[in-house]
A.B. asks: 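My structure is below; once you've seen it, I'll send some questions.
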Amino acid sequence: MADSAQAQTLVYLVTGGCGFLGEHVVRMLLQQEPRLRELRIFDLHLGPWLEELKTGPVQVTTIQGDVTQAQEVAAAMTGAHVVIHTAGLVDVFGRASPETIHEVNVQGTKNVIEACVQTGTRFLVYTSSMEVVGPNVKGHPFYRGNEDTPYEAVHRHPYPCSKALAEQLVLEANGRKVRGGLPLVTCALRPTGIYGEGHQIMRDIYNQGLRLGGRLFRAIPASVEHGRVYVGNVAWMHVLVARELEQRAAVMGGQVYFCYDKSPYKSYEDFNMEFLGPCGLRLVGTRPLLPYWLLMLLAALNALLQWLLRPLLLYAPLLNPYTLAMANTTFTVSTNKAQRHFGYKPLFSWEESRTRTIRWMQAMDSSAQ
Ligand SMILES: NC(=O)C1=CN([C@@H]2O[C@H](COP(=O)(O)OP(=O)(O)OC[C@H]3O[C@@H](n4cnc5c(N)ncnc54)[C@H](O)[C@@H]3O)[C@@H](O)[C@H]2O)C=CC1
Ligand SMILES: CC(C)CCC[C@@H](C)[C@H]1CC[C@H]2[C@@H]3[C@H](O)CC4=CC(=O)CC[C@]4(C)[C@H]3CC[C@]12C
């Protein structure tokens with residue numbers, strides 16, 4: 001908890017504070033930001049775990065609200081010094097309509113920016129995504145690239161399109177005058193695929209493995225690298241950015257940073273096995289069991305079924321043409337921009353990130369029995 005020797009003066013607001021990443025950001029702020037006076041947690045759905053936070057030295061205010069409602073956002077932000085905007089609709093499975101994804105991710109972000117201007121909140125940290133860059137529709141590899149690596153960022157899927165638009169809005173807002181006349185300072189963090197305690201997709205894949213008798217079948221060649229980053233380190237980066245934005249506004253304002261740590265470069269499936277393996281699952285095959293054209297056909301069939309069944313039920317399996325392209329295209333980052341600009345070093349080593357994730361999965365497993 002916060003060191004009471006330092007003056008507790010700051011009010012932070014975390015949108016999406018009850019999500020997978022948001023919860024880690026909230027907990028990290030309470031542990032690592034000694035200047036925090038009040039922490040506001042704004043989310044569409046509030047979790048019961050928030051109650052335990054209310055007994056500490058920092059005032060924790062929970063706000064059930066919707067980022068698409070401008071007045072709700074502005075009301076929550078009044079008097080806040082910093083906003084960390086993690087709320088978003090993360091949907092690459094066709095669960096929500098493209099319009100809803102746009103409304104939450106783009107209009108929601110516009111509302112946060114306008115609320116900063118209206119209320120005088122000067123510091124905005126936005127959770128963007130690697131998907132703002134790629135993989136692109138042409139499936140070009142992005143091999144250990146950095147923030148300046150040239151890449152043809154062209155998207156058609158609603159999720160990356162919305163994240164790209166929202167990120168652009170955030171960066172363009174840097175320097176706008178907020179209430180009181182001072183400039184807004186913004187920056188965007190681009191995590192690669194986040195993993196760690198609370199990761200729903202990892203849970204889904206684990207359950208799928210159990211249904212298949214403890215086995216998963218390799219679908220993607222081991223040579224395709226997919227960037228992954230531990231949730232604790234992503235949260236730490238958000239906290240550091242928020243903390244440094246005032247002092248280093250000239251360097252950091254309007255900038256983008258990939259989120260990175262020491263997680264190894266592996267294929268999506270091999271990386272998951274780092275956690276699923278110790279939980280008793282096995283990845284069958286050193287090469288993909290099915291030829292790629294057949295996987296594409298299955299993915300297309302899933303998309304067709306989703307469309308046909310839509311009037312009756314929501315059919316949203318993990319495999320669709322978009323997720324297949326994501327998993328099958330190399331996209332990894334290698335950069336030290338965050339270290340150069342604001343002294344970021346991962347808080348958790350790879351070994352610790354791995355151990356924490358495995359422990360969480362094993363606890364989840366034993367509580368299910
Ligand atoms: N999970 C991942 O691998 C990655 C996620 N991101 C970004 O990180 C952010 C957080 O993602 P996750 O924690 O994975 O997702 P999540 O779905 O676990 O969390 C999102 C949170 O936002 C809230 N939310 C959704 N719509 C809202 C609305 N209209 N008003 C208020 N709150 C709303 C949800 O209730 C949820 O608590 C998102 O912006 C996402 O785009 C970026 C890169 C990778
Ligand atoms: C059955 C298939 C062969 C394997 C399916 C795996 C997919 C479900 C996941 C592969 C890559 C993931 C995405 C990636 O890590 C980057 C992301 C960034 C975000 O901002 C949100 C999450 C995600 C889109 C992530 C989603 C699951 C995958 C598509």
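Every number for a ligand or one of its atoms is a count from 1 in the order of the listing. For clarity, every value in this text was computed on a predicted model and none was experimentally measured.
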A.B. asks: Find the distance between CG (Leu89) and OG1 (Thr68) and round it off to the nearest 0.5 Å.
C.D. replies: 10.5 Å
A.B. asks: Side chain, backbone, both or neither: which part of Tyr322 comes within less than 4.0 Å of ligand 2 when only heavy atoms are counted?
C.D. replies: neither
A.B. asks: Does an N or O anywhere in Phe20 fall below 3.5 Å from an N or O of ligand 1?
C.D. replies: yes
A.B. asks: Is any N or O atom of Val90, backbone or side chain, closer than 3.5 Å to an N or O atom of ligand 1?
C.D. replies: no
A.B. asks: Just need the protein heavy atom nearest to atom 19 (O) of ligand 1, so name the residue and atom and give the distance.
C.D. replies: Gly19 CA, 3.4 Å
A.B. asks: Verify salt bridge (charged side-chain N to carboxylate O under 4.0 Å, His left out) between Lys266 and Glu274, making sure each step is shown before the conclusion.
C.D. replies: CA-CA 10 Å; Lys266 288 191 173 210; Glu274 292 281 351; 2.7 Å; yes
A.B. asks: Please table the atom pairs, donor to acceptor, closer than 3.5 Å between any side-chain atom in residues 13-23 and protein atoms at least two apart or in another chain.
C.D. replies:
| unit_1 | atom_1 | unit_2 | atom_2 | d |
| --- | --- | --- | --- | --- |
| Thr15 | OG1 | His85 | ND1 | 2.7 |
| Thr15 | OG1 | Thr86 | N | 3.1 |
| Thr15 | OG1 | Ala87 | N | 3.1 |
| Glu23 | OE2 | Arg27 | NE | 3.0 |
| Glu23 | OE2 | Arg27 | NH2 | 3.0 |

A.B. asks: Backbone or side chain, does any N or O of His45 fall under 3.5 Å from an N or O of ligand 1?
C.D. replies: no
A.B. asks: Got the closest protein heavy atom to atom 42 (C) of ligand 1, with its distance?
C.D. replies: Ser128 O, 3.1 Å
A.B. asks: Do Tyr206 and Leu281 have side chains that get closer than 4.5 Å, going by heavy atoms?
C.D. replies: yes
A.B. asks: Check whether any heavy atom of Tyr159 sits under 4.0 Å from an atom of ligand 1.
C.D. replies: yes
A.B. asks: Any nitrogen or oxygen of Val67, main chain or side chain, under 3.5 Å from a nitrogen or oxygen of ligand 1?
C.D. replies: yes
A.B. asks: Using non-hydrogen atoms of the residue, decide whether His226 is closer than 4.0 angstrom to ligand 2.
C.D. replies: yes
A.B. asks: For Leu89 and ligand 1, does the shortest N/O to N/O distance drop below 3.5 Å?
C.D. replies: no
A.B. asks: Hey, is Ile201 touching ligand 2 through its side chain, its backbone, both or neither, going by heavy atoms under 4.0 Å?
C.D. replies: side chain
A.B. asks: Are any of the N/O atoms in Tyr159 less than 3.5 Å from those in ligand 2?
C.D. replies: yes
A.B. asks: Can you tell me if Val234 has a non-hydrogen atom under 4.0 Å from ligand 1?
C.D. replies: no
